[in-house]
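Take a look at the structure set out below.
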Amino acid sequence: MKRTAMIRHLVQKALHIKKLTPDIENEINYELTRLGHISDVDFEALELLMSEMDAGRIQLVPNP
């Protein structure tokens with residue numbers, strides 16, 4: 001997978017399973033740190049994730 005699409009892919013994964021696991025969260029944080037910046041598209045994806053979490057449609061859960 002193209003590294004520049006990793007954050008969007010991780011957000012899509014969380015939206016699909018309707019859960020934000022610590023593993024997904026850690027991978028998102030790793031990519032943000034590695035890149036040192038965030039693209040507009042990735043920012044929008046993260047905003048959508050946060051919006052879905054605020055609305056209660058995505059749950060923050062521990063690793064299984």
Side-chain angles (χ1 to χ4, degrees):
M1 170 173 299
K2 222 167 114 179
R3 296 303 289 177
T4 57
M6 184 57 75
I7 292 173
R8 285 172 293 208
H9 171 74
L10 292 166
V11 168
Q12 288 174 344
K13 182 177 178 179
L15 293 173
H16 178 73
I17 63 173
K18 299 190 183 306
K19 296 176 184 168
L20 179 60
T21 66
D23 286 342
I24 294 172
E25 186 176 15
N26 287 339
E27 289 181 56
I28 289 171
N29 288 334
Y30 171 79
E31 286 301 313
L32 289 170
T33 301
R34 186 184 69 77
L35 294 171
H37 70 281
I38 185 167
S39 71
D40 290 340
V41 177
D42 286 339
F43 183 78
E44 289 174 8
L46 291 173
E47 276 188 320
L48 174 60
L49 179 60
M50 294 301 108
S51 168
E52 292 295 299
M53 290 180 73
D54 289 345
R57 292 184 284 268
I58 303 292
Q59 302 297 316
L60 181 60
V61 297
N63 280 329

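Every heavy atom of this structure was used, including side-chain atoms; hydrogens, water molecules and symmetry mates were not.
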When rounded to the nearest 0.5 angstrom, what distance separates [atom1] in [X] from [atom2] in [Y]?
X   : Y   : atom1 : atom2 : result
H9  : Q12 : NE2   : CD    : 7.5 Å
I17 : Q59 : CD1   : CD    : 11.5 Å
L49 : I7  : CG    : CD1   : 11.5 Å
I28 : M6  : CD1   : CE    : 10.5 Å
R34 : E27 : CZ    : CD    : 12.0 Å

Indicate the atoms forming the closest heavy-atom contact of [X] with [Y], along with that distance.
X   : Y   : answer
I24 : L10 : CG2-O, 3.8 Å
K18 : R57 : CB-O, 3.8 Å
P22 : P62 : CD-C, 3.7 Å
L20 : A14 : CD1-CB, 4.3 Å

- request: Kindly work out whether a path of hydrophobic side-chain contacts (I/L/V/M/F/W/Y, heavy atoms less than 4.5 Å apart) joins M50 to V61.
  value: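 No, M50 and V61 fall in different hydrophobic clusters.
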
message: Applying a strict under-4.5 Å side-chain criterion to I, L, V, M, F, W and Y, I'd like to know whether F43 and L35 cluster together.
response: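 Same cluster.
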
query: Is any side-chain heavy atom of L15 less than 4.5 Å from a side-chain heavy atom of L48?
result: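 The answer is yes; the side chains approach within 4.5 Å.
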
query: Can you tell if the side chain of D42 reaches within under 4.5 Å of the side chain of E31, non-hydrogen atoms only?
result: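 Heavy-atom side-chain distance check fails, nothing below 4.5 Å.
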
- request: Would you indicate whether D54, at its atom CG, is surrounded by more than 12 heavy atoms from other residues, nucleotides or ligands within a distance under 6.0 Å?
  value: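 Yes, because the 6.0 Å sphere around CG of D54 holds more than 12 heavy atoms from other groups.
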
- request: Please answer whether the main-chain N or O of N29 pairs with a side-chain N or O of T33 as donor and acceptor at a distance below 3.5 Å.
  value: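 Between the backbone of N29 and the side chain of T33 there is a qualifying donor-acceptor contact (under 3.5 Å).
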
